[in-house]
K.L.:
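Let me give you the structure first, and then I'll get to my questions.
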Amino acid sequence: MQAKKRYLILFSAGACFILLFCFGGIQVPLSRRGPSRRDDRSLNGYHPAARWRRFPGYLQPFSSWEKDRSDDHNEHISPRQKRDANSGVYIGKRCRMESCFDFSLCEKNGFKVYVYPQQKGEKMSESYQNILSSIEGSRFYTPDPGQACLFVLSLDTLDRDQLSPQYVHNLKTKIQSLPLWNGGKNHIIFNLYSGTWPDYTEDLGFDIGLAMLAKASISTENFRPNFDVSIPLFSKDHPRTGGERGYLKHNTIPPYRKYMLVFKGKRYLTGIGSDTRNALYHVHNAEDVVLLTTCKHGKDWQKHKDARCDKDNAEYDKYDYREMLYNSTFCLVPRGRRLGSFRFLEALQAACVPVMLSNGWELPFSEIIDWNTAAVIGDERLLLQIPSTVRSIHQDKILSLRQQTQFLWEAYFNSVEKIVLTTLEIIQDRVLQHTSRSNLMWNSLPGGLFTLPQYSTYLGDFPFYYAKLGIKPYSKFTAIIHVVTPLVSQSQPVMKLLVAVAKSQYCAQVIVLWNCDKPLPAKHRWPATSVPVIVIEGESKVISSRFLPYDTIPTDAVFSLDEDTVLSTTEVDFAFTVWQSFPDRIVGYPARSHFWDSNKERWGYTSKWTNDYSMVLTGAAIYHKFYHYLYTTYLPVSLKTMVDQMSNCEDILMNFLVSSVSKLPPIKVTQKKQYKETMMGQSSRASRWADPDHFAQRQTCMNKFASWFGTMPLIHSQMRLDPVLFKDQVSILRKKYRDIERL
């Protein structure tokens, strides 16, 4: 019995000892090294609980051997695993929108962006100035920090290479002194270059705190999903607005070019990024795979030159880079000193399918863009397999990849403005998740910058996705007749027009937009029709009110008409029938054109009737009602104010907008020689045609609009759509739209 008691006492004591050890009552040093200062602190009565009470925003390892063990195994885990393992070291490493972003700032005024005022004496690169100008010119900008949801620094953070002349010193102190910094919460920092020789780390040289990072060449290891934004590396010559279109003018079948795979660039003899480019000569065959490198860069390149340098340099000088770029099916995009490269955007623009060789690079806008549809993602470790891989890609796939490069280039990358706006739209989608865009919206024409989710989140409400969804637009239209003169007679053109339009089998209703100074006429003054006629007063009596997104428009199609337009019911029917096949374009009757005046070095406007046109005026045209919303919300107030002050050019501006979105010209339907813009009385305040400065104003508008868009979006066309058998020498009874020929 005594023996049993002794065993029981020993067992109880052992259990208590184990429990004390497990719950921290007994401190046991676990370090395999000699005690450091931190270990001494732990051994001299420092209790871990005190550390939790003084939690400064980040956690240190409980014992140094754990960090050593982590470092020993770092090379055996993936970048994302490495990121997650180290994410507790710094305060912002675990940041996500849910934890490091204050959504309450966006509730009252929506997604608004504030740019700090520029401080005197602070230098700023042209590229960063372009970024700030793009934000200030966008619909997101607010000059009031009290209304802002997101904040952007006026301090240049683009180049954080200490050897660069654009490097801003003492940035940490300057940022911390900002009154709205708040630890970086709800801030976004733009950066193109980080780190310096020899390791080119991604450290910016200051603590970004809780701020989001819009960074080029960011690695998956440091990228915080659903928080940071990966942007492309662009040069200081990248245009602020507009940007050049892609170089793919027409598709070639089969889609093969002179070269299969090309690259021309620097070869780094030492340091980070040298391994991949040093190995390119193994797959270069000087025939269809041309991969050229040169050692000739830097002041002391000859000190480090190897046995291949002279031969490589001689081969390098034989080829023209642009000629190779435009005549190759695939373009290699290997990493340089940093993960990103200028070659990436150059390949996209040239319709040369990028072949990525940069392991661990978080590709630009990877959150929204499916890069598998526009690029080939290679592996640096499998370089020798790249030629056979690209040769095995079917020509149908090559054609699809090439077309997607052009769409992505023009939608998101061909200007600084589009790069910045895409970044802001991505963040807005995170903030307003209930109205965020779908993957299809981002990865198909016209792109996420034009398909505004505030209008609708249903794809069928936009004019671009009918074919993809297998549906057709609603088979009726709403006519909007813009009236600016008082109603004095039942024989006025507007009365005849209203009756003719209402008789159309496709007309759902007629809206009379009353922009006249006189009071609204009584209901009995309007003719009786088989469809509803709604008379509404224009907002502030300005001309842009004809393009407001009225809730009273139930149909997809809007038939926009001036009060002096002369159209028959047959012509109305035919125009709508044509539009149903082209719902993303403007379809109508009066055509105009633009041209470049080389003597005056400006755009010109002409109303001459020729076989060439680039605009269809909205005095008699059909388009999708989505363009009303886009006109009202997307275009800047400055352009709409100019239009309203002149009571002119609103039709030109709508053509600019639609062509910019669709990348297609409008469509003119059967020539109607009787169509005319009736010269109204000189006494009419809003009479555009009676104004002697009317034509000169339209010339000015053309150039103002082109300046804001950054390019000329209008596209010339010589296509006119006529009814079947139009003007053919057959019986009139065989023709569906026989009345058109009698006019």
Side-chain angles (χ1 to χ4, degrees), residues 56-58 87 90-119 122 124-125 127-136 138-160 168 170-194 202-216 218 222-231 362 365 367 416 419-432:
Y58 61 89
S87 59
Y90 301 105
I91 187 171
K93 280 287 188 176
R94 285 191 182 273
C95 269
R96 299 295 183 269
M97 294 295 290
E98 298 79 12
S99 58
C100 297
F101 192 88
D102 186 357
F103 288 85
S104 65
L105 297 181
C106 313
E107 291 176 356
K108 185 177 181 180
N109 299 296
F111 186 73
K112 293 294 181 181
V113 183
Y114 173 75
V115 177
Y116 283 83
Q118 188 171 351
Q119 301 177 13
E122 289 293 343
M124 183 181 296
S125 64
S127 295
Y128 198 64
Q129 183 61 59
N130 287 340
I131 288 176
L132 298 187
S133 297
S134 299
I135 297 173
E136 291 169 349
S138 73
R139 68 182 188 280
F140 300 116
Y141 175 69
T142 176
D144 182 3
Q147 297 181 355
C149 169
L150 187 67
F151 298 83
V152 180
L153 303 176
S154 62
L155 297 167
D156 191 347
T157 56
L158 281 190
D159 195 340
R160 301 306 297 157
V168 178
N170 303 319
L171 199 54
K172 178 180 179 181
T173 304
K174 294 174 182 177
I175 291 177
Q176 295 295 335
S177 64
L178 295 174
L180 302 173
W181 176 243
N182 191 26
K185 183 169 285 190
N186 287 53
H187 283 67
I188 184 168
I189 294 172
F190 289 88
N191 175 257
L192 294 181
Y193 307 97
S194 60
E202 295 183 30
D203 180 30
L204 301 188
F206 65 94
D207 184 11
I208 65 173
L210 304 178
M212 288 179 279
L213 200 55
K215 187 178 183 335
I218 191 170
N222 293 314
F223 182 76
R224 297 168 293 181
N226 199 37
F227 195 70
D228 292 333
V229 179
S230 177
I231 63 175
E362 191 75 26
F365 303 140
E367 184 174 335
V416 175
I419 293 172
V420 172
L421 290 180
T422 303
T423 302
L424 297 181
E425 293 282 6
I426 290 173
I427 299 172
Q428 181 185 227
D429 274 8
R430 297 172 184 168
V431 174
L432 309 174

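Since this is a predicted model, take the numbers as computed values, not measurements.
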K.L.:
Among Val152, Val229, Asp156, exactly one meets side-chain contact (heavy atoms from CB on, under 4.5 Å) together with Phe190. Which residue is that?
P.N.:
Val152
K.L.:
One pair to check against side chain to side chain contact (heavy atoms under 4.5 Å, CB included): Met212 and Met97. What are the steps and the verdict?
P.N.:
CA-CA 9 Å; Met212 288 179 279; Met97 294 295 290; 4.0 Å; yes
K.L.:
Side chains of Arg160 and Leu171: closer than 4.5 Å at any heavy-atom pair?
P.N.:
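Yes. Closest side-chain heavy atoms under 4.5 Å.
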K.L.:
Can you check side chain to side chain contact (heavy atoms under 4.5 Å, CB included) on Asp159 and Tyr128, steps first, answer last?
P.N.:
CA-CA 9 Å; Asp159 195 340; Tyr128 198 64; over 6 Å; no
K.L.:
Identify the two heavy atoms, one from Ser154 and one from Pro117, that lie closest to each other, and give their separation to 0.1 Å.
P.N.:
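Minimum heavy-atom separation between Ser154 and Pro117: OG-O, 3.0 Å.
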K.L.:
Would you compute the distance between atom CD1 of Ile231 and atom OG1 of Thr422 and round it to the nearest 0.5 angstrom?
P.N.:
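Rounded to the nearest 0.5 Å, the CD1-OG1 separation comes to 11.0 Å.
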K.L.:
Whether the side chain of Asp203 engages the backbone of Gly205 through a donor-acceptor N/O pair (distance < 3.5 Å, no angle test) should be reported.
P.N.:
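Confirmed, Asp203 side chain pairs with Gly205 backbone.
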K.L.:
With side chain to side chain contact (heavy atoms under 4.5 Å, CB included) as the criterion, how do Ser127 and Val416 come out once you've worked through the C-alpha distance, each side chain's angles and the decisive distance to 0.1 Å?
P.N.:
CA-CA 8 Å; Ser127 295; Val416 175; over 6 Å; no
K.L.:
Quick one: does Ser230's side chain have a donor or acceptor within less than 3.5 Å of a partner on Glu362's backbone?
P.N.:
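Indeed, once roles are kept as given, a pair shorter than 3.5 Å links the two residues.
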K.L.:
Taking atom NZ of Lys112 and atom CG of Leu150, what is their separation to the nearest 0.5 Å?
P.N.:
12.5 Å
K.L.:
Is there side-chain contact between Leu105 and Phe103, with at least one heavy-atom pair below 4.5 Å?
P.N.:
no
K.L.:
Is there a side-chain contact between Ile188 and Val113, using heavy atoms and a 4.5 Å cut-off?
P.N.:
no
K.L.:
What verdict does the side chain to side chain contact (heavy atoms under 4.5 Å, CB included) test give for Lys93 and Arg224, after you've listed the backbone C-alpha separation in whole Å, the side-chain angles of each residue and the deciding distance to 0.1 Å?
P.N.:
CA-CA 7 Å; Lys93 280 287 188 176; Arg224 297 168 293 181; 5.7 Å; no
K.L.:
What pairs with Asn130 under side-chain hydrogen bond (donor to acceptor under 3.5 Å, both in side chains), at least two apart in sequence or on another chain?
P.N.:
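Here no residue qualifies.
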K.L.:
Looking only at heavy atoms, what is the nearest atom pair of Tyr114 and Thr142, with distance?
P.N.:
CD1-O, 3.5 Å
K.L.:
Could you tell me which residues satisfy side-chain hydrogen bond (donor to acceptor under 3.5 Å, both in side chains) with Tyr116, sequence neighbours excluded, listed by chain and number?
P.N.:
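side-chain hydrogen bond (donor to acceptor under 3.5 Å, both in side chains) list for Tyr116, sorted by chain: His187.
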K.L.:
Is there a side-chain contact between Leu204 and Thr157 (heavy atoms, below 4.5 Å)?
P.N.:
no
K.L.:
How many angstroms lie between atom CD1 of Ile175 and atom CD1 of Ile208, to the nearest 0.5 angstrom?
P.N.:
10.0 Å
K.L.:
Please tell me if the side chains of Phe206 and Ile189 come closer than 4.5 Å, counting only heavy atoms from C-beta onward.
P.N.:
yes
K.L.:
For Phe151 and Leu180, which heavy atoms make the closest approach, and how far apart are they?
P.N.:
CE2-CD1, 4.0 Å
K.L.:
Could you check whether any side-chain heavy atom of Lys215 comes within less than 4.5 Å of a side-chain heavy atom of Ser194, counting everything from C-beta outward?
P.N.:
yes
K.L.:
Ignoring hydrogens and geometry, is there a side-chain-to-backbone donor-acceptor pair from Asp228 to Leu213 under 3.5 Å?
P.N.:
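Side chain of Asp228 to backbone of Leu213, a donor-acceptor pair under 3.5 Å: yes, one is there.
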K.L.:
State, to 0.1 Å, how close Cys149 and Gly110 come at their nearest heavy-atom pair, and which atoms those are.
P.N.:
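It is CB-O, 3.7 Å.
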K.L.:
Rounded to the nearest 0.5 Å, how far apart are OG of Ser125 and CG of Leu158?
P.N.:
4.5 Å
K.L.:
Is there a side-chain contact between Met124 and Leu132 in this structure, where contact means two heavy atoms from C-beta onward sitting under 4.5 Å apart?
P.N.:
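A side-chain contact under 4.5 Å exists here.
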K.L.:
Are the side chains of Arg430 and Phe101 in contact, using a 4.5 Å heavy-atom criterion?
P.N.:
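No, side chains not in contact.
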K.L.:
Under the rule for side chain to side chain contact (heavy atoms under 4.5 Å, CB included), what residues qualify as partners of Asn170, not counting sequence neighbours?
P.N.:
Lys174
K.L.:
Does Glu425 pair with Arg139 as a salt bridge, N-O distance under 4.0 Å?
P.N.:
yes
K.L.:
Enter the distance from Asp207:CG to Lys172:NZ here, rounded to the nearest 0.5 Å.
P.N.:
7.0 Å
K.L.:
What is the distance from atom CG of Leu178 to atom OG1 of Thr173, rounded to the nearest 0.5 Å?
P.N.:
11.0 Å
